[in-house]
Amino acid sequence: MSGAARPNQFALLAQRRFAPFFAVQFLGAGNDNLFKFAFTVMATYELQLAWLPPALAGLVIGAVFILPFVLFSATAGQLADKYDKALLTRWVKSLEIAIMAAAVWGFVRADAVVLLACVFGMGLHSTLFGPVKYAYLPQHLDERELTGGNGLVEMGTFVAILLGNLAGGLLVAVPEAGARLVAAACLGVALLGRLVAQAVPRSPAPEPGLAINWNPFSETWRNLLLAHERPVVFRSLLGISWMWAFGAVFLSQFPAFAKEVLHGDEQVASLLLVLFSVGVGAGALLCETLSRRHVEIGLVPLGAAGMSVFAIDLYFAAHALPASSLMPVGAFVAQPAHWRVMADLLLLALAAGVYSVPMYALIQLRSPATHRARIIAANNILNALFMIASSLGAGALLGAGLSIPGVFLVAGVVNAVVAGTVFVLAPEYLLRCAALLHERLLRPLRVQGGEHVPAEGAALLVGAALAGADLLLPAAASARPLRLVVERRVLERPGLGWLLRRAGAIAWAPAHEDAALHAAAVERAAQALAAGELVGLFVDLAVRAPTLAAIVALQPVPVLTLQLQLQPGRPATLVVDVAAN
């Protein structure tokens, strides 16, 4: 890694610019899930309502929670762009106290209608906080901190889900006093969150003069169009939304899965959520190390592959378990047949964490500051629509007679199809993934001078021709996509050549061999630079000078040199430097 050594992501937890915000979002996510899971367990094991059968309770409660994201995300995004985010945080936490006060009444009286209304209210609370949450980070963290900061937030969210669900499941199961204990805990966490919110530092509004459009439908459409103007951002929005749709299938089914398939009690349902939450948190934290503290989209295909592999294996691990009476968590863990189920859930969730964090960071990095919260609101809208669709789809499959493991199998197969289609249409993900794997597994690499590569704007990187998969190594110099200019014969090869062509690599030949192709390569490289891209020229040094001069003449930009230094028995070194005049 180039430059001075930086503290790792955990150092942020000791800094006021991050720690109070982290605590507020942690407590909010924990309270959401303490409340929702306790209510879900009550509906599954205790209430026995004809209009809310146990198999569908999780889906119904999840859908009611998500509905405000569809209705109010557009307004929430505007508010977060118009007002100081610290002030909005305090308003939202005050609203949470009012909602939890109503939930106390619902729990004490076992009133499912009141509790469903509070589920909607907590969905509204999360809707209002969502754009604040993700637009806050790029205001207080730099590019090298975004992946680590998002990893901590993602880890914190799922640890909060874990603790909230665990507390909700354990408290609601206390004989006679369970509902009252849950009510007191929900109200207490809301009060603590409001207290901590006082310490969140000022985050000035990027567009204080914004006129609020209170029509959620027209504003939602405007936000989606705004996001669509930046293809890399819009693809990330869709990718994150798909991850939440995929995850919702599992999270909503854990109580019924534990009871009807695994034959476990409430504690087993809590154990499944422990495994899932720990897995996502671990995957999120791994991203900083795996990405060299940059925003690395090459992790996304690896995460997507893991999500499918372990979801499909979960079907085979769980679909033929023998029937038995409900068992406590100790008896469940003691049976080797259940270890594979637990491993699949843990690794599936870890893959989801690796998949999601780079895309969250990419949205924050590539969105314009004045519209960032509204683009994040568009993300929340898409998340909600995808999650509702997945809940309806899972409900339809269950209603048609498919088993819960069968639903997990369908989710894994559909994820593989969706991910494969996306990566073929947007091959930069596969290119970065191939570069990451080549560097980590076959050509260990240290980067010196990486700080010379601009975080935005055009630059031309030049170096000697590289052989085979080593052409992927220059991607390690920057988190940004690199448009390669390489010899024509390289692009004609199967495999790597196909991938480079799909990623927009530019075919080149010396002018004395093919003047037309040389001129076209110069023109395309200049056009890419004019659009603000990074362009890498990696061709034979002996005939490179005319090409370099022609490109810079058409589009004057900073020129950087890349040199790959190989030493036997030691990691390769990629040296980035500013070219001499």
Side-chain angles (χ1 to χ4, degrees), residues 12-13 15-39 64-69 71-73 75-107 114-115 117-137 139-140 149 152-165 167-168 182-205 212 373 376-377 380:
L12 292 172
L13 294 173
Q15 301 176 24
R16 186 173 176 234
R17 61 188 173 128
F18 185 81
F21 156 80
F22 176 84
V24 167
Q25 68 86 29
F26 181 89
L27 290 168
N31 214 19
D32 278 345
N33 288 279
L34 190 162
F35 168 62
K36 285 194 302 173
F37 192 64
F39 181 27
V64 171
F65 183 80
I66 291 302
L67 184 58
F69 285 88
L71 298 177
F72 303 115
S73 282
T75 302
Q78 294 176 88
L79 293 173
D81 276 336
K82 182 177 177 64
Y83 296 107
D84 186 301
K85 294 173 184 60
L87 180 63
L88 281 174
T89 297
R90 291 167 195 139
W91 289 351
V92 169
K93 302 318 285 183
S94 297
L95 174 64
E96 182 184 4
I97 294 172
I99 297 165
M100 289 295 96
V104 169
W105 171 268
F107 277 118
V114 171
L115 290 174
C118 291
V119 169
F120 184 88
M122 288 303 284
L124 176 62
H125 153 270
S126 296
T127 298
L128 294 172
F129 187 61
V132 174
K133 174 179 174 179
Y134 287 108
Y136 175 95
L137 290 176
Q139 278 191 265
H140 295 271
L152 282 171
V153 169
E154 195 80 352
M155 178 275 297
T157 298
F158 277 89
V159 169
I161 290 172
L162 157 62
L163 295 178
N165 284 295
V182 171
C186 288
L187 186 58
V189 173
L191 290 167
L192 181 59
R194 178 61 183 84
L195 180 64
V196 175
Q198 287 298 123
V200 174
R202 290 187 67 250
S203 304
I212 301 293
I376 291 167
N380 290 341

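- For the ring pair (Phe, Tyr, Trp, His ring centres under 6.0 Å) test, residues two or more places apart in sequence or in another chain that qualify with Trp91 are Tyr83.
- When each of Val104, Leu192, Val182 is checked for a side-chain contact (heavy atoms from CB on, under 4.5 Å) with Leu187, only Val104 meets the rule.
- Every residue two or more places apart in sequence or in another chain that forms a ring pair (Phe, Tyr, Trp, His ring centres under 6.0 Å) with Phe22 is listed here: Phe18.
- Residues satisfying the salt bridge (charged side-chain N to carboxylate O under 4.0 Å, His left out) test with Lys36, not counting sequence neighbours, are none.
- Every side-chain contact (heavy atoms from CB on, under 4.5 Å) that Ala29 has, sequence neighbours left out, goes to Thr157, Ala160.
- In this structure Thr89 satisfies the side-chain hydrogen bond (donor to acceptor under 3.5 Å, both in side chains) test with no other residue, sequence neighbours excluded.
- The salt bridge (charged side-chain N to carboxylate O under 4.0 Å, His left out) contacts involving residues 193-204 comprise Asp84-Arg202, where partners must be two or more places apart or lie in separate chains.
- Qualifying ring pair (Phe, Tyr, Trp, His ring centres under 6.0 Å) partners for Phe129, counting only residues two or more places apart in sequence or in other chains: none.
- Looking only at distances, no side-chain donor or acceptor of Lys93 sits under 3.5 Å from a matching main-chain atom of Leu195.
- Residues forming a side-chain hydrogen bond (donor to acceptor under 3.5 Å, both in side chains) with Asp81 (at least two apart in sequence, or on another chain): Arg374.
- The side-chain contact (heavy atoms from CB on, under 4.5 Å) check on Ser126 picks up Asp32, Phe65, Phe69, with sequence neighbours excluded.
- Evaluation of the salt bridge (charged side-chain N to carboxylate O under 4.0 Å, His left out) rule for Arg17 yields Glu145 as partners, not counting sequence neighbours.
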Give every donor-acceptor pair under 3.5 Å between a side-chain atom in residues 117-124 and any protein atom, sequence neighbours left out.
none

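- Partners of Phe37 by ring pair (Phe, Tyr, Trp, His ring centres under 6.0 Å), not counting sequence neighbours: none found.
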